[in-house]
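So that the names make sense, note that chain A is the first sequence line, chain B the second, and so on, each numbered from 1.
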Number of protein chains: 2
Amino acid sequence: MRRILLATLLLIAAPAWGEVPIAYPHGYREWTHVKTMHVKLGHPLHSTFGGIHHVYANKKAVEGLKRGKFPNGATFVLDLLEPREDAFATSEGPRKLVAVMHKDPKKYAATGGWGFDAFRADSRKERLVTKHSAQACFDCHAAQKKNDYVFSGFRN
Amino acid sequence: MRRILLATLLLIAAPAWGEVPIAYPHGYREWTHVKTMHVKLGHPLHSTFGGIHHVYANKKAVEGLKRGKFPNGATFVLDLLEPREDAFATSEGPRKLVAVMHKDPKKYAATGGWGFDAFRADSRKERLVTKHSAQACFDCHAAQKKNDYVFSGFRN
């Protein structure tokens, strides 16, 4: 009985797609802001990333952006917010999701050394990425192989 | 002759509106990103701040955002970029200006303890704010007196 209970708890606690969960990126709002984009209806990524997104980089990811090659531990966050459209301005509405891209060449060898996950809205626990969709993340990022699979560039 | 030359150089080096220049905020791109807004044609601030702006806060300004009161040295940057409109997305174009709001209760006693200045595009030297327009900055921020003259709030 105990064993069954333990197995059940592990199933709830672990991400749906494997044994290597990416930790919630605590404190990312004070990491370095890399860039912002507003993805609108009709964009091929709208169903996944429609809205205003900010990309944040931790110190190792900033180092990578400057060198063009990312060290173990480099982490990016894509912070996706609903757009709030007023008459003559667009501002930030509620959070839709927090997507994370984390470099660990051993754990994520099959996907260019990067792991992908996402958390729903303001939840620190509710994960949105399955093994299948993590592969889809990588398939899109694969186009950026020459840039170590990263789309963003840093502008001073 | 030397004296005239020196006076001329000082006139070029000093800001147009007074003896208390605000330093260019070197490194602000790695300060904390507070929020983003896209100001469009028709907005009352469009002629001044039309485009995508990101607000950045230095450590003292982040402290102030959390406490609701800003210490001496707190500095905000409004980084204004041209919007680049594609079919289904808005992204960041060239920089229009870097506006700075810097707390120094002694130097800027007449404007709530905050000094205001701005630098054209990517220039670290070409200032855009006159004594008259610094007063206009403050007149607008005066509406936020209860929040120590700051519009932005920080969202984790």
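Listed by sequence position, B:F88, B:A89, B:T90, B:S91, B:E92, B:G93, B:P94, B:R95 are the residues of residues 88-101 of chain B in contact with chain A, using a 4.5 angstrom heavy-atom cutoff. Applying a 4.5 Å heavy-atom cutoff, the residues of residues 41-51 of chain B that approach chain A are B:L41, B:G42, B:H43. Heavy-atom neighbours of chain A within the stretch residues 139-156 of chain B, taken at a separation under 4.5 angstrom, comprise B:F154, B:R155, B:N156. Within residues 52-77 of chain B, the residues having any heavy atom closer than 4.5 Å to a heavy atom of chain A are B:H54, B:Y56, B:V62, B:K66, listed by residue number.
B:F138 and B:L128 fall into different hydrophobic clusters, where Ile, Leu, Val, Met, Phe, Trp and Tyr side chains are chained together by heavy-atom contacts under 4.5 Å. Following chains of ILVMFWY side-chain contacts shorter than 4.5 Å, one cannot reach A:Y28 starting from A:M37, and the two form parts of different hydrophobic clusters. B:L80 is not connected to B:F119 by any chain of hydrophobic side-chain contacts under 4.5 Å among Ile, Leu, Val, Met, Phe, Trp and Tyr, and they are in different clusters.
Contact tally against chain B (heavy-atom pairs below 4.5 Å) for A:D79, A:D86, A:L81: the top residue is A:L81. Interface check for chain A: of the options B:V34, B:T36, B:T32, the most heavy-atom pairs under 4.5 Å are formed by B:T36. Between chain B and the residues A:K40, A:H33, A:E30, A:H38, the largest count of heavy-atom pairs under 4.5 Å involves A:H33.
At most 12 heavy atoms of other shown residues, nucleotides or ligands fall within 6.0 angstrom of atom CZ in B:R120.
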